[in-house]
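I have placed the structure first, in the form of structure tokens, so that the comments after it can refer back to it.
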Amino acid sequence: MKREERAAAIVKALSRVYPDAHCELDFADPLQLLISTILSAQCTDKRVNMVTPELFKRYRTAADLAAASQEDIEKVIQSTGFYRSKAKAIRATCADIVAKHGGKVPQTMEELTTLRGVGRKTANVVLGNAFGKNEGVVVDTHVSRLAQRLGLTKQTTPEKIEEDLIKLIPRARWTDFSHWLIWHGRRRCKARNPDCEGCEIQSLCPSAFKV
Ligand code: SF4
């Protein structure tokens, strides 16, 4: 099966396996999703969801977070790890949102990625899940691993993997596709000991029983 055909078959199969796949970070608005995504680096969504209720209760707007002290934010987000750099990124991003965008999270890739502390992956999460815009494919550790195992890319950097996926997956499915790979990566195709035996897309996977 050619790569394009396999990609189309995988899209079809995963849409059936995970019809309800969604972003597992809890958020009520674009700002909350942006902050949660910054906090999710090297941390589980579950852990992020444990600290954000307190964070968003104390700080309701970008202006609140921009004006908060580094130490106060660090205290609330400490358990997510790398809390010094995350607190710094949150304050800088929020300061930019206030100074350049009137306190509202911008809705374009260009504007989002010029915010300090926001890279393409975070921007893709916000655009796809808070604004419903398919501007790219979120490539995190699960998406990287699964795209390689499924033979959809030979690349190893997130930027190059995203370029390959964008060519193979229909644009309307970009946000869904990253959810599907993330859900499959968490539930079935784990980094160690993937469950190839029980895998719903085993017949489409060139790495089945080889990892
Ligand atoms: S067959 Fe195995 S390696 Fe391939 S996607 Fe399924 S769990 Fe992962």
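The structure displayed is predicted, hence computed values, not measured ones. Just so you know, ligand 1 is whichever comes first in the structure, and atom 1 is the first atom listed for that ligand.
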| field | Check: His179 ring centroid to Tyr18 ring centroid under 6.0 Å | value |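 No, the ring centres sit 6.0 Å or more apart.
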| So, Trp183 versus His22, ring centres under 6.0 angstrom or not? |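 Between His22 and Trp183, which both carry aromatic rings, the centre distance is below 6.0 Å.
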Look at [X] together with [Y] and state whether they make a salt bridge at an N to O cut-off of under 4.0 Å.
| X | Y | answer |
| --- | --- | --- |
| Arg120 | Glu159 | no |
| Arg187 | Glu24 | yes |
| Glu162 | Lys167 | no |

| Set of residues satisfying salt bridge (Lys or Arg N to Asp or Glu O under 4.0 Å) with respect to Asp72, sequence neighbours excluded |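 By the salt bridge (Lys or Arg N to Asp or Glu O under 4.0 Å) rule, Asp72 matches Lys75.
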| Near atom 2 (Fe) of ligand 1 (under 2.8 Å) - protein N, O or S atoms |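 Protein N, O or S atoms closer than 2.8 Å to atom 2 (Fe) of ligand 1: Cys196 SG.
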